[in-house]
Structures are given as C-alpha cells and as structure tokens.
Amino acid sequence: MTQQDIQASSDFIREIIDEDIKINKHSGKVATRFPPEPNGYLHIGHAKSICLNFGIAKQYKGTCNLRMDDTDPAGESLEYVDSIIQDVRWLGFDWEDRLFYASDYFEALYAFAIQLIKAGKAYVCSLTADEIREYRGTLIEPGQESPYRNRSIEENLDLFARMRAGEFEDGTHVLRAKIDMASPNIVMRDPVIYRIKHAPHYRTGNKWVVYPMYDFAHCLSDSIENITHSICTLEFENNRPLYDWIVNQLIDKNRPRQIEFARLNVSYTVLSKRRLIELVENKYVAGWDDPRMPTIAGMRRRGYTPDAIRNFCGKIGVAKNENLVDVSLLEACVRDDLNEKAPRAMAVLRPLIVIIDNYPDGQIEKIKCANHPQNPEMGTRTVPFSKRLFIEREDFEENPPKKYKRLAPGKEVRLRNAYVIRFERLIRDEKTGEISAIHCTYAPETLNGPPSDDRKVEGVIHWVSADQAIQAEIRLYDRLFNVPNPAAYEGEFTTSLNNNSLEVVTDAYVEASLKNSAPGNSYQFERLGYFCVDIKDSSPNKPVFNRIVPLRDSWGKIAGR
RNA sequence: UGGGGCGUCGUCAAGCGGUAAGACACAGGCCUUUGGAGCCUGCAUUCGGAGGUUCGAAUCCUCCCGCCCCAGCCA
C-alpha cells in the first residue's frame, strides 16, 4: 500500500473505530449497516454511504448489513426494495445473508415500547398533532408538559394495547417518550415514538396500525443487529442524544454508537429525494434510470462503471464539512476507468462524405486496427476501407482558423488507422450552398507509416466506410442543470434545468464491427468520447448508443476562446 | 434570542504544537497515427477574523464573524 492509499483510506470515522478497537470495545468487532428507506431510488449520495459502510466492514474484517428502514408505510414499496438490492449489488457489495427489514422487528419494537412504558419512561398522549406542536415550545422557549404525561402505567399499557388493536382513529393518540419538555434540544421534548396509521404496509399488510418512528426504530434495529458503529448523515446529529437515551433505557450491553458525516452534494445536479421524485413525476426526465439522473440506475444506464463510482467515493473523502463536489471529478473517474477498459472504435456523428478519387472503385480493404493503443492484449479488429467514407463535418474547414490540424483546402490529414489523404476539391449543394462532398486523393504507401518523402502530417481524423458503416442513434448527454448548485437556486429549482441536456443524433454512423454489440457494452469512439450500447432501447436493427462522457478536448478549449 | 455542528487553494481534502499532502479544475511545455492517453512544470508565505500562550500555532486559549441543522404523528 502506498502512502497515498493510506491517506485516502483514513478519515475521522475510521479513527474512531481504531480507538474503539484499541480499547477492545465490542470485543474488537466492527459491524455497520446501510439503512435506506425503500421510498425512492438510490443515488450517488447513497453510493458514498454504501462505500463507507461496506468499505469499513471490509477493511476491519467485520460485517455490513443491508437494512430496509421501512417503518412508514407511506411511499414505501417493493419496487424500491428491488431497485435498492440491485443497485447495491451492482456497485459491487455483498451483504451475504444479512438482508434485514425494520418491519421484521415490529413485534420486538412493540415489546420494547411496552418495556419503556412499564419503566415509566413512555406515555400515551392524546393531544392532537397541532396541540403537540404548540406544547413543544419553540427554538427559544421551553415546551409545556402534556396533560396526559402522568397517566398511570396501567392506563398507558391499556391504551397502547388498544392503539395496536385498531380501536382508535389516526392521530387520536401517540406514544411518547417521557424525557424533558424543557430541553434546549427540541428532539428531547417528549418525542413521539409510535403513531397510529391505518395504512397497509408493503410487507406486513394490515397486520399493524401502529408504526414506530425513526428515532425509536433505528437505534433499536441497530441494537438488534449488534451494530457497533451506526453511521448516518449530519442532520441526525441533533437526534443522537435521543438515540443514546433510548438505547440506554432498553439495551444493557454492546450499545451501538452513532457517528455522523456530511452528505454528498455534486455540482450541476440535485440529490434530494424530493427533487428527484419531482423530476421523475413531472417528466423532466424519462424515469429513475434516465441517463442524466444522478441515481445509481441512471448512472448505470449512462455507462458509468461501479469501479469509477467507488473510486470517486474514495476520492471525495469523508468529513463533516458542507460540500459541493465538482461533477468534473466524477467524470474524471469515469474517464480514468473507461480509458483503461473500453475498446476503441470509430463512429461519425455528423457525416460528411469524402470520395477518394484515386482509390479503386468497388475495392474494400480490411484494415487491422488495435482495440487499445496502449494495451496489445485487447487485440485487434478489422475495419473496412473503401472509396467512399464519412468523416466528421467539423473535421473539415474551408477557411481553417490558426492551429487547425484537420482537413482543409490544400492540406493533408491522416485517417486514423489508415491512409494519409489530401484535399482536392469540394462539391457544394447548388440550392443550399452547403458542402455536400469532399474529393481527396490518398497516398497508398502511408497505411502503416509516414509518407515516402517524410513530409509531416499533423492531423489525425476518424472515419467510417460509407457503405459498410451502420447507421445508429447516438444520444449526447450533458449536465442536467445550468447552475452549479440548483438546490440553492432562488425559486423553483426546475427553472435552472438545462434544456440541452439531451441531444439525439439519429443519423450517426458506427463502424461495422459494432454490428452485434451487446447492450451495456462500452467503447471509446476515438476522438469523441466514451459510449455504451443503451440497455433498454438498443436493438440490432436500430442500435442506440449513449455518450457516457466526452473525451477531454483541448482543441475545443483553444477554438472556444 | 435556545441547542447542535462546521469554517485549510476555484472544488473536495490531509494536517492532531515543529514551520501547509494529495486529487479534480486551471495554466504552460514534452510526446503522440485519438488536439485522447501518458509525462513534466506551475498553482495557499498562509489556514474565517482579532487578540493571547509558546523558542515555535492551521493545530492550545479568549473574543468576534460567517454558514449549515433542529419546532413531521417523515427518515
């Protein structure tokens, strides 16, 4: 392990764990959990938490459970559970047989609640929701005790049993922890721990009409699972005293410890569940797996790799600072991974026809191309070459700017993997005035080497053989929003949506070797970027490629300024 | 005006009293049959501010300033 790896893999949470191991807390064991609520799809922010929790478990030879935190039937569903399972697995993590559901603990949690009542530490409160809010006080004023606070244990037990039995309407009673209505921490002002909800749960059906609240269920679920380090995000810091309070009342050994870290934000996108749902429901995107979405499903379809995402999660670090990570770091990780793994191919997005005047009519040459210029082990393929080719429209300029290295009147360029060609003349569409074809000549000796007189040819452009190339649809994706931090945007966040985040190119051509490429396969289209065969819409008859990320383009920068 | 957190390069982030890592971004250069990749160089005399302690402070102390979270029967 290099110095860099050591530094990259340490953070304040691991330091805490190191300390705990040193004092032999939990007999030196480490057990974490990733606890999503199945009411939405996982996104890159969850990926950070997944990498953290599973990463720590692996590093310390401990375990990480996958737990559905499904204590509120509203909005939770099997569809989300399935997607979560698929996404965590796709990211490369394994919880073995430890897939758990908070809803499986309902009976145990109910028993814990009774225990709390019996200890005189919880009571049934019959105030309305509005009244409870009023009694809670404000940030600067203490709350008032509920008139129901001193009900007898027997009455509480009876009422709580009848709550479970379904005798009461929603909102008529709740179970509250008896803590301190004057606490400066509002969370501690007799928090509600059970509420009545006559709503079917996607797993327990109609068995329950009372459901535990997060603060009650989470710490006890952790305890039930013998979690040692319960890692969550910063907004739960206020809840930690309550977490500890409940655990201290009900658990007497191996109490878990909650540790909070800063959630991830990424520039030019949104990561809050509410906003993501809005994008999907109002059809700003095509679904949870729209390649522009920061969801795991979206990134998977876009062609991002698990390795790239995991690497990104390692690079951003773990701390308690509010952050807005530059999306270019994510893109750099994707390029980094794909540069190594993606075989090269050629494709032309905006075709311009080139006719090689001195190339024999009807001849088709099989040109051997390396699948990866730096890695011979990736082998070679054969690409047809003929008299009629497509090149990229922007690779020809009638009046080239300075430093332009591509094809232009009087100039030569190298066709990638093939010959050097020289511009001869251009054909113009009489009606539109647009250039409709370019005539060139080729230098036959240049296939595997420089021109015979060693004259220098600077530019290299990509091409496909016009008659053998396969027509394809190529979807060019760009960032979803125009502003770095859409969540902070004054007004409706959707107004800063990038209207050009998807451009569909229907008349693109890819080289013939891509004919039967499997959905999900990724390639580098040379000089353009990384592309993958769309897993949903692509078919052999109508191939569809997604642009995963463009190549770094230093010419674009020069030309753009 | 309560409580809890956080302030180190444009963005993340190391640093844990001995004189500011690294990554991305950015800017130059080398190389190149991808203007890709790779390689090299540059990029915080300063750590929110002001005092103080110390031979020595981003690290300790005091005060101040700024930002985030908490008043769901959501998580």
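First the proteins, then the strands, lettered A, B, ... as listed; each starts at 1. Being a predicted model, the structure only gives us computed values, none of them experimental.
- Note: CD (E260(A)) to C1' (C68(B)) measures 14 Å, nearest angstrom.
- Q524(A) and E526(A) share no side-chain donor-acceptor pair at under 3.5 Å.
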- Task: Treat primed atoms plus P, OP1 and OP2 as sugar-phosphate and everything else as base, then score nucleotides 69-75 of chain B 5' to 3': B for base contact with protein heavy atoms under 4.0 Å, S for sugar-phosphate contact only, - for none.
- Result: BBBSBSB
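- Contact check on E397(A) versus K411(A) returns no salt bridge, with no Lys/Arg side-chain nitrogen under 4.0 Å from an Asp/Glu carboxylate oxygen.
- Checked against M181(A) for a side-chain contact (heavy atoms from CB on, under 4.5 Å), the options R189(A), Q144(A), M188(A) give a single hit: R189(A).
- For the pair R416(A) and W463(A), the NZ or CZ position fails the cation-pi test of under 6.0 Å to the six-membered ring centre and within 45 degrees of the ring normal.
- Figure legend. A57(B) is base-paired to no nucleotide; pairs are counted as Watson-Crick or G-U wobble with both atom distances under 3.5 Å.
- Here Y530(A) pairs with nothing under the ring-ring contact (aromatic ring centres under 6.0 Å, His included) rule; sequence neighbours left out.
- Taking the P atom of each, A23(B) and C65(B) are spaced 38 Å apart, rounded to whole Å.
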- Starting at the 5' end of nucleotides 31-40 of chain B, put B wherever the base has a protein heavy atom under 4.0 Å, S where only the sugar-phosphate does, and a dash everywhere else. --BBBBS---
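- Anti is the conformation of G56(B), whose glycosidic angle sits further than 90° from 0.
- Across U34(B) and A27(B), the matching P atoms stand 22 Å from one another, rounded to whole Å.
- Side-chain contact annotation: R151(A) with S126(A), donor-acceptor N/O pair under 3.5 Å present.
- Here the P atom of nucleotide G4(B) and the CG atom of L242(A) are 16 Å apart, to the nearest Å.
- Distance check on atom P: A44(B) versus C60(B) gives 25 Å, rounded to whole Å.
- Ring orientation note: the planes of Y211(A) and H201(A) are close to parallel, at an angle under 30° on the 30°/60° scale.
- Between the side chains of Y214(A) and N239(A), no donor-acceptor pair of N or O atoms lies under 3.5 Å.
- Searching all strands for a Watson-Crick or G-U wobble partner of A75(B) with both distances below 3.5 Å returns nothing.
- Checked for salt-bridge contact, K22(A) and E19(A) meet the test: a charged N lies under 4.0 Å from a carboxylate O.
- One interatomic measurement links the two molecules: CG of D11(A) to C1' of C6(B), which rounds to 17 Å at whole-angstrom precision.
- Within the 4.0 angstrom heavy-atom criterion, base atoms lie near E15(A).
- The pair R527(A)-E392(A) does not count as a salt bridge, with every side-chain nitrogen at least 4.0 angstrom from each carboxylate oxygen.
- Atom CG of L330(A) and atom P of U11(B) are 18 Å apart (whole Å).
- G4(B) atom P lies 16 Å from atom CD1 of I140(A), rounded to whole Å.
- Remark: C43(B) base-pairs with no nucleotide in the shown strands. Criterion, Watson-Crick or G-U wobble with two distances under 3.5 Å.
- Residue L329(A) is in sugar-phosphate contact alone, with no base atom involved, counting any heavy-atom pair closer than 4.0 Å across all strands shown.
- Separating the CE atom of M181(A) from the C1' atom of G3(B) is a distance of 15 Å, rounded to the nearest angstrom.
- Under the Watson-Crick or G-U wobble criterion, with both distances below 3.5 Å, U1(B) has no partner in any strand shown.
- Spacing between G29(B) and C70(B) at atom P, rounded to whole Å, works out to 50 Å.
- A distance of about 14 Å separates the C1' atoms of A13(B) and G7(B), rounded to the whole Å.
- In this structure A21(B) sits in no base pair that meets the Watson-Crick or G-U test at under 3.5 Å.
- Distance CG (N323(A)) to C1' (A23(B)): 15 Å, rounded to an integer number of Å.
- Base pairing of C30(B): its partner is G38(B), meeting the Watson-Crick or G-U wobble criterion (both donor-acceptor distances under 3.5 Å).
- Comparing the C1' positions of C26(B) and C63(B) gives a spacing of 39 Å, expressed to the nearest Å.
- Comparing G15(B) with C47(B), their C1' atoms are spaced 10 Å from each other, to the whole Å.
- The partner of A50(B), taking Watson-Crick or G-U wobble pairs whose two distances both stay under 3.5 Å, is U62(B).
- Between N321(A) atom CG and G15(B) atom C1' the separation is 13 Å, expressed in whole Å.
- Of the N and O atoms on the side chains of Y41(A) and E79(A), at least one donor lies less than 3.5 Å from an acceptor on the other residue.
- The gap from the P atom of G72(B) to that of G17(B) amounts to 43 Å, rounded to the nearest Å.
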